[in-house]
Amino acid sequence: MSHRIGHMLGIEPLSAEEIVFLLDQAKPFQEIQRHPLKKLATLRGKTVALAFFEPSTRTRISFATAASRLGADAMNLQAESSSVKKGESLLDTVLTLDAMKPDCIVMRHSASGAADFVARHLPIPVINAGDGTHEHPTQALLDALTIRDRLGKLDGLNVTILGDILHSRVARSNIHLLSKFGCRFALSGPAMWLPKEIECIGPPGTSIRRVPRIEQALEGADVIITLRVQQERLHEPALSVDEYVLQYQLTEQRLAGARPGALVLHPGPMIRGLEIEPAVADGPQSCVLEQVTNGLAVRMALLFLLIGSGADASPAKESPYAAD
Ligand code: CP
């Protein structure tokens, strides 16, 4: 079976087999990051349009670097200094970019569904680099690659997600992905950030518990995903920063309640001293910088599959990581 990928809009529609295939495709690109000469000519002559309508450090630079290391050119929309500021619509903006003939477009937008909308109007592949509170698929893929590398598997893990789950596309994409491998979830944070609807994500029978007490949520965790807390959102329920830190910060003491060696992930940007104690962020269980490096490999693989000769690639027949 060959895996032809048209767009990368979200994790939800992908099967476990397709996810394993994508992660396997990233392996050789992980090797390239360790090589002194990192530049390939695989996508020479191709152009990747980067249209970020929201701020980004990791994702935008990661895609730009992935394109460059594959030999492609990048076309960069700076939303702050673009005609978006003059009232140009999303559709007119992306049609304008498309008229300059890029081979794909990577986009981030504050509206959930924006990437799907653009994919319906452009003739080129669209990669969702984060849309509102909906999905951030390449973040979930790089997280999964990091977890699989460290633990040797994705199946049946206990995953704890901490913080502002209500507004988090990272949480949704990770739940979509890891639930396809039978992972169980404990979600913890202030009650107003733990929506009941989140329990319905994932295939029927997925175990998703909302656990207000962080200590209880961490019991037996193999993987802990800490989310960024936006300080301005703390005013919504009138929870002070000090109170958040006291009740919900991932500290060394709390981490000791998880499985020994439990992985700590954070998508960034990370607010040290708020959602995570610096000693945890910099400790041996932290995967934060590894996640960033793996992001490059995942995005190189994706660009190769979408606009390179990898569009005809077949999945590794006997992947040691294959899902049941
Ligand atoms: N993880 C992530 O999406 O980070 P950026 O907002 O910096 O891209």
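Every number for a ligand or one of its atoms is a count from 1 in the order of the listing. Keep in mind the model is a prediction, meaning the values are calculated, not measured. Each residue takes its place number in the sequence, starting with 1.
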Quick check: P267 and ligand 1, any N/O pair under 3.5 Å apart?
yes

How are the rings of H167 and W193 set relative to one another: parallel (under 30°), tilted (30 to 60°) or perpendicular (over 60°)?
perpendicular

Geometry only, no angles: is R60 polar-contacting ligand 1 at N/O separations under 3.5 Å?
no

Atom indices of ligand 1 within 4.0 angstrom of T57 heavy atoms, with elements
5 (P), 7 (O), 8 (O)

Tell me if the CD atom of Q253 is crowded by more than 12 foreign heavy atoms within 6.0 Å.
no

Starting from atom 6 (O) of ligand 1, which protein heavy atom do you reach first, and at what distance in Å?
R108 NH1, 2.8 Å

What protein heavy atom sits nearest atom 2 (C) of ligand 1, and how far off is it?
T59 OG1, 3.5 Å

So, are R150 and E290 salt-bridged, with charged N and O less than 4.0 Å apart?
yes

Looking only at heavy atoms of G268, does any of them come nearer than 4.0 Å to an atom of ligand 1?
yes

Name the closest protein heavy atom to atom 4 (O) of ligand 1, giving the residue it belongs to and the distance to 0.1 Å.
R58 NE, 3.1 Å

Heavy-atom pair with the smallest gap, counting every atom of I271 and R228
CG1-CG, 4.0 Å

Charged N to carboxylate O under 4.0 angstrom, E219 versus R184?
no

Contact with ligand 1 for E54, non-hydrogen, under 4.0 angstrom:
no

Salt bridge present between E215 and R213 (N-O < 4.0 angstrom):
yes

